[in-house]
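Contents: one structure, followed by commentary.
Just so it is clear, the structure is predicted and the values come from calculations on it, not from any experiment.
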There are 2 protein chains.
Amino acid sequence: MGRPRSHQATQVAAAQGRIRAAGERLTAPRAAVLAVLLASDTALTHHEVAQSLRTGTPVDRVTVYRVLDWLVGLALAHRIPGEDRTWRFRANRDSAHGPHAHFTCSSCGRTVCLEDVAVPPRVRLPRGFRPQKVELTVQGLCAACH
Amino acid sequence: MGRPRSHQATQVAAAQGRIRAAGERLTAPRAAVLAVLLASDTALTHHEVAQSLRTGTPVDRVTVYRVLDWLVGLALAHRIPGEDRTWRFRANRDSAHGPHAHFTCSSCGRTVCLEDVAVPPRVRLPRGFRPQKVELTVQGLCAACH
DNA sequence: GTCTTTGCGCAACCGAATTGCATCTGCCGC
DNA sequence: GCGGCAGATGCAATTCGGTTGCGCAAAGAC
């Protein structure tokens with residue numbers, strides 16, 4: 001990582017602020033999980049989040065799952081379905097984050113958001129079908145695995 | 001479905017032909033699984049395939065998994081990641097089937113291929129990233145659940 | 001400080017998918 | 001037609017991501 005080790009720690013305050021701003025109860029696990037997401041520039045699996053938490057604020061697996069779901073419900077994070085049948089989570093940078101695409105490296109498995117890739121605005125569906133959400137995922141090799 | 005009940009049976013011959021054409025060993029489970037996929041107009045989960053096979057040619061769960069993977073490897077079928085963390089499988093109609101989108105009904109869970117929806121030809125990736133596959137999934141309500 | 005509400009940790013559970021291994025079977029060569 | 005063998009199948013056990021139930025603990029309102 002090019003960031004100082006303390007990056008995650010500095011995000012705790014930001015995480016606390018967001019949780020407070022949402023009017024939700026502030027707990028150590030919640031702040032810690034959100035801080036991990038905020039500190040990461042890739043989408044993280046539940047496992048990776050728990051791993052990051054091992055030192056510092058150990059949090060139970062189940063709690064991590066619950067907090068992640070809770071964050072998604074509050075729109076503080078979003079969930080990305082992976083090719084390997086695991087969810088990945090990513091903090092929403094701003095409240096007005098539009099639909100965007102994701103890139104998954106087929107070598108290292110890392111998933112990043114492609115903020116500047118416009119999800120196709122319109123798809124022609126069979127008659128009677130009503131769209132709700134569009135998911136656009138690109139698979140390939142990232143710069144590191146290139 | 002508007003098709004006669006025997007539709008699946010009539011597909012066995014087609015399935016056998018495709019397997020033979022691929023120069024692969026022809027077995028009852030392989031033909032049966034492929035016939036099920038060919039007879040379906042929606043993408044099927046492993047479970048649904050095994051279910052369809054219960055009458056007629058009972059096939060072990062594990063064999064269904066293996067045959068499905070094998071079909072994907074031969075490009076006789078393709079695999080669609082679902083929102084519910086289960087794979088869905090669909091026979092490839094013709095050998096030259098391009099990239100296409102998928103629609104999943106969030107109510108009944110049925111997944112269909114949107115053959116006529118062009119997957120965005122180009123996405124701008126960060127430098128050094130190389131695309132391999134683009135997955136475009138639309139979620140919403142199908143005509144039946146509408 | 002206390003009290004109520006709500007989240008947390010633990011353990012047990014679930015379902016999809018995978019692996020190991022012994023047995024069976026296409027199908028190739030005769 | 002008829003072995004023989006590589007490769008496919010079936011069965012059981014296992015892995016793994018994720019979920020559920022429940023008693024205890026902590027947040028925050030008073």
To the nearest Å, give me how far apart [atom1] ([X]) and [atom2] ([N]) are.
X	N	atom1	atom2	result
B/Arg88	C/dA16	CZ	P	11 Å
B/Leu68	D/dA8	CG	C1'	15 Å
A/Glu24	D/dG28	CD	P	11 Å
A/Ile19	D/dG28	CD1	P	10 Å

Within residues 25-37 of chain B, find the residues that approach DNA chain D with a heavy atom at under 4.0 Å, and present them sorted by residue number.
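B/Arg25, B/Thr27, B/Pro29, B/Arg30, in order of number.
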With sequence neighbours excluded, tell me which residues meet salt bridge (charged side-chain N to carboxylate O under 4.0 Å, His left out) with [X].
X	result
A/Arg90	none
B/Arg25	none
A/Arg124	B/Asp116

Qualifying ring pair (Phe, Tyr, Trp, His ring centres under 6.0 Å) pairs, either residue in residues 14-38 of chain A, two or more places apart
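Checked against ring pair (Phe, Tyr, Trp, His ring centres under 6.0 Å) - neighbours excluded - no pair reaches residues 14-38 of chain A.
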Give every residue pair that meets the ring pair (Phe, Tyr, Trp, His ring centres under 6.0 Å) criterion with at least one member in residues 20-59 of chain A, sequence neighbours excluded.
A/His46-A/Tyr65
Output the rest of the hydrophobic cluster of A/Val12: all Ile, Leu, Val, Met, Phe, Trp and Tyr residues reachable through side-chain heavy-atom contacts under 4.5 Å, sorted by chain and number.
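Its cluster mates, by chain and number: none.
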Which Ile, Leu, Val, Met, Phe, Trp or Tyr residues join A/Leu34 in one cluster when any pair of side-chain heavy atoms under 4.5 Å counts as a link?
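Other cluster members: A/Ile19, A/Leu26, A/Val33, A/Val36, A/Leu37, A/Leu38, A/Leu44, A/Val49, A/Leu53, A/Val59, A/Val64, A/Val67, A/Leu68, A/Trp70, A/Leu71, A/Val72, A/Leu74, A/Leu76, A/Trp87, A/Phe89.
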Side chains of residues 137-146 of chain A: which donor-acceptor pairs under 3.5 Å do they make with residues two or more places apart or in other chains?
unit_1	atom_1	unit_2	atom_2	d
A/Gln139	NE2	A/Glu83	OE1	3.3
A/His146	ND1	B/Gly128	O	3.0
A/His146	NE2	B/Arg130	NH2	2.9

How are the rings of A/His102 and A/His78 set to each other: parallel, tilted or perpendicular (split at 30° and 60°)?
parallel
Show every salt bridge (Lys or Arg N to Asp or Glu O under 4.0 Å) that has at least one partner inside residues 63-75 of chain A, sequence neighbours left out.
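Sorted result for residues 63-75 of chain A: A/Asp69-A/Arg79.
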So if I define the base as every atom that isn't primed, P, OP1 or OP2, how would nucleotides 15-25 of chain D read as a B/S/- string at a heavy-atom cutoff under 4.0 Å?
--SBBBB----
Need the bend value for the helix from C/dG1-D/dC30 to C/dC30-D/dG1: angle between end axes, 5 pairs each end, nearest 10°.
40°
